[in-house]
There are 2 protein chains.
Amino acid sequence: MIKSFLEEQHLKNTITIQTIAKALQVSVSTVSKALNDSHEISQETKDKILAYAREYDYSPNPYASGLRSKKSKTIGVVIPEVGNSFFAAVIKGIESVARKKGYHVLIYLSNESFEKELMILNEFQAGRVDGILISLALETDTFEHIEKLLEKNIPTVFFDRIPHAIEATKVVTNDFELGYRATKHLIQQGCRKIAYLLYRHHQAMSNQRLEGFIKALEETALPFSEENLIDYQNANDKNRLKNALSLHAFDGIVISTEELVTPLYAICKQLKINIPAQLKVLSFCDFPLATVLTPTLTTIKHPAFQMGETSAISLFKKIEKPRQNTHPETLVLASEIIERESTERTF
Amino acid sequence: MIKSFLEEQHLKNTITIQTIAKALQVSVSTVSKALNDSHEISQETKDKILAYAREYDYSPNPYASGLRSKKSKTIGVVIPEVGNSFFAAVIKGIESVARKKGYHVLIYLSNESFEKELMILNEFQAGRVDGILISLALETDTFEHIEKLLEKNIPTVFFDRIPHAIEATKVVTNDFELGYRATKHLIQQGCRKIAYLLYRHHQAMSNQRLEGFIKALEETALPFSEENLIDYQNANDKNRLKNALSLHAFDGIVISTEELVTPLYAICKQLKINIPAQLKVLSFCDFPLATVLTPTLTTIKHPAFQMGETSAISLFKKIEKPRQNTHPETLVLASEIIERESTERTF
């Protein structure tokens with residue numbers, strides 16, 4: 001009797017959680033919990049239910065499933081930019097963990113826009129994902145939307161670009177130390193007038209790397225003023241960068257993102273500034289082509305894949321055991337300087 | 001009375017589609033249709049309902065909303081690789097259209113894996129998105145999962161890497177012509193023995209660019225054999241590429257993807273092969289750093305942003321007017337060769 005009932009439902013292609021429950025004479029809630037791998041259900045019962053579900057090709061309606069179990073089996077990853085080597089590697093790290101857990105990874109792009117980030121986080125509050133991994137947009141300099149999100153108790157982990165003033169679980173690199181060590185490296189190689197090339201800088205934004213840069217200059221009694229900071233908002237600022245380089249005779253420069261390497265190398269070629277003889281260059285981002293540029297580019301190699309893995313592992317801890325996370329922690333991963341020709345000692 | 005009822009619901013933060021319907025004395029279905037901008041509802045009624053929804057800060061439950069309207073207001077974009085300039089620009093084009101339509105863009109990565117692509121498309125069949133934009137994984141050489149997807153009538157548009165044998169809406173570049181013209185360019189610049197550097201090649205995969213390459217060689221009566229094709233699967237193949245370059249004395253090479261530029265430039269430097277004097281190099285992908293490499297790299301510039309826009313516009317046509325799409329069409333966008341130093345005439 002049970003068999004024919006199921007067969008009939010199967011023919012109609014309407015196997016639901018209810019039909020499975022009826023067939024196996026368990027409650028709907030037991031089937032739901034078993035399908036979501038709940039620890040409340042015995043392994044034996046889980047196996048029995050999963051075997052039936054598989055045999056009759058049960059495919060959950062994600063919306064209905066979301067309503068019942070409150071789980072979407074999906075994590076949302078918010079990144080500011082696509083087409084960047086760093087975030088590409090972070091995503092690979094996240095995916096490697098999510099795949100093992102049977103979760104989908106959905107990528108949301110803020111495109112460095114505060115407004116877009118706000119919209120995405122509002123969307124999340126309506127319950128579309130089980131957990132959130134987020135690296136903030138460059139434009140973000142107020143944090144109410146973050147506070148609002150955290151109040152909803154949706155498991156969230158911040159990585160790389162984090163809200164410093166807010167208590168939350170965070171995964172970062174040793175940014176202050178990196179800014180400090182990168183600058184010390186340039187000083188050791190003979191630089192005395194070092195510029196810091198910022199990308200879309202906002203005054204309100206905490207910038208640990210820049211603070212490390214300033215500390216290293218101060219310690220070495222090298223002059224620091226507004227002149228040392230060059231802000232690059234977009235391609236229109238190419239001339240401003242060009243003027244700054246020809247006017248101030250810098251002998252070293254720290255580049256804050258991958259996107260700025262192309263304009264800097266182009267301007268040096270145009271102005272016939274020899275790297276490293278006249279200007280030593282260090283980039284805060286590593287990428288494959290750094291090894292074949294002329295000269296090859298000294299970079300900071302971030303543990304991007306590991307940052308993705310670590311962030312995802314933290315997030316799944318929160319998703320799986322929501323009550324255990326009472327102390328938000330900040331995990332700090334170590335990056336390293338890869339010395340190449342662009343900072344070779346020449347004078 | 002109505003006001004106080006709504007206020008009460010508002011205080012409890014439980015404004016639903018039902019409360020809006022009750023307050024405005026219209027049916028739940030009318031409210032739902034108005035919120036989804038249905039053409040069945042008059043503009044006047046829509047405006048009234050939207051004004052109320054805004055005033056009382058109505059936020060739809062996406063799962064419940066999905067069940068009612070069968071619309072998730074989301075499109076899924078499946079790309080094979082993240083961290084690649086081409087797909088990054090395509091996504092920006094897609095987002096520019098989706099934003100205007102009020103749709104979310106979710107990015108799914110196949111990581112060039114057939115299995116992952118299959119899993120993503122199965123997930124879509126359960127109704128998670130309203131429409132799909134997909135560029136196939138390099139591993140994909142069977143197409144049953146695509147046929148199964150299309151049978152479900154979920155609006156779908158293929159872009160760049162498309163299933164050639166399947167009738168569907170597609171947006172591509174003039175790949176055959178590009179392969180042909182790129183090769184003709186190298187021949188005009190003096191090349192007589194030209195290699196084609198493939199990336200993760202599968203025999204079963206249609207490769208229009210490669211066919212264009214072969215046609216150009218044949219037309220010019222230049223020899224073509226297996227020797228001209230170098231397959232690069234991963235970093236382990238660096239030595240094979242090195243051997244091929246030192247053994248066969250090619251004077252020209254076509255690089256099929258951005259990822260192969262770094263190993264090629266590195267090997268030429270190591271083997272002291274002068275570009276362009278001994279070897280002329282042309283890349284099928286353009287990226288910012290191509291302009292500052294030594295020598296600067298001749299590339300093919302694809303209308304990537306425009307491909308994203310065009311694909312998204314086609315998709316929204318299908319989503320909005322599902323019955324009008326009887327003739328699947330293939331839109332072909334034009335790419336162009338950007339000549340730089342790496343293919344300069346020297347002999």
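Throughout, protein chains are lettered first and strands after them, A, B, ... in sequence-line order, and every chain is numbered starting at 1.
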Is there side-chain contact between A:Leu109 and B:Val105, with heavy atoms separated by less than 4.5 Å? no
Below 4.5 Å from any heavy atom of chain A, which atoms of B:Glu95 appear? Answer side chain, backbone, both or neither. side chain
Pick one of side chain, backbone, both or neither for B:Phe86, based on which atoms fall under 4.5 Å of a heavy atom in chain A. neither
Scored by heavy-atom pairs under 4.5 Å with chain B, the best of A:Leu293, A:Leu289, A:Thr291 is A:Leu289
Measure distances from B:Leu106 to the heavy atoms of chain A and classify the residue's part below 4.5 Å as side chain, backbone, both or neither. both
How about A:Glu115: does its CD atom have over 12 heavy atoms from other parts shown lying under 6.0 Å from it? no
For the CZ atom of B:Arg99 and the NZ atom of A:Lys116, what is their distance to the nearest 0.5 Å? 6.5 Å
Heavy-atom distance under 4.5 Å to chain B: side chain of A:Tyr265, backbone, both or neither? both
Considering only heavy atoms and a distance below 4.5 Å, find which of B:Ile107, B:Ile91, B:Asn122, B:Val82 pairs most often with chain A. B:Ile107
Can you tell me if A:Glu147 has over 12 outside heavy atoms packed within less than 6.0 Å of its CD? yes
Which region of B:Asn111, side chain (C-beta onward) or backbone (N, CA, C, O), has a non-hydrogen atom less than 4.5 Å from a non-hydrogen atom of chain A, or is it both or neither? side chain
Which heavy atom of A:Lys269 sits nearest to which heavy atom of B:Thr296, and what is that distance? NZ-CG2, 3.4 Å
Can you tell which part of B:Glu81 gets under 4.5 Å to a heavy atom of chain A, answering side chain, backbone, both or neither? side chain
Measure the CD-NZ distance between B:Glu123 and A:Lys73 for me, rounded to the nearest 0.5 Å. 12.0 Å
Side chain / backbone / both / neither for A:Glu258 at chain B, heavy atoms under 4.5 Å: neither
Show the nearest heavy-atom pair for residues B:Val292 and A:Thr262, with the distance to one decimal. CG1-O, 3.5 Å
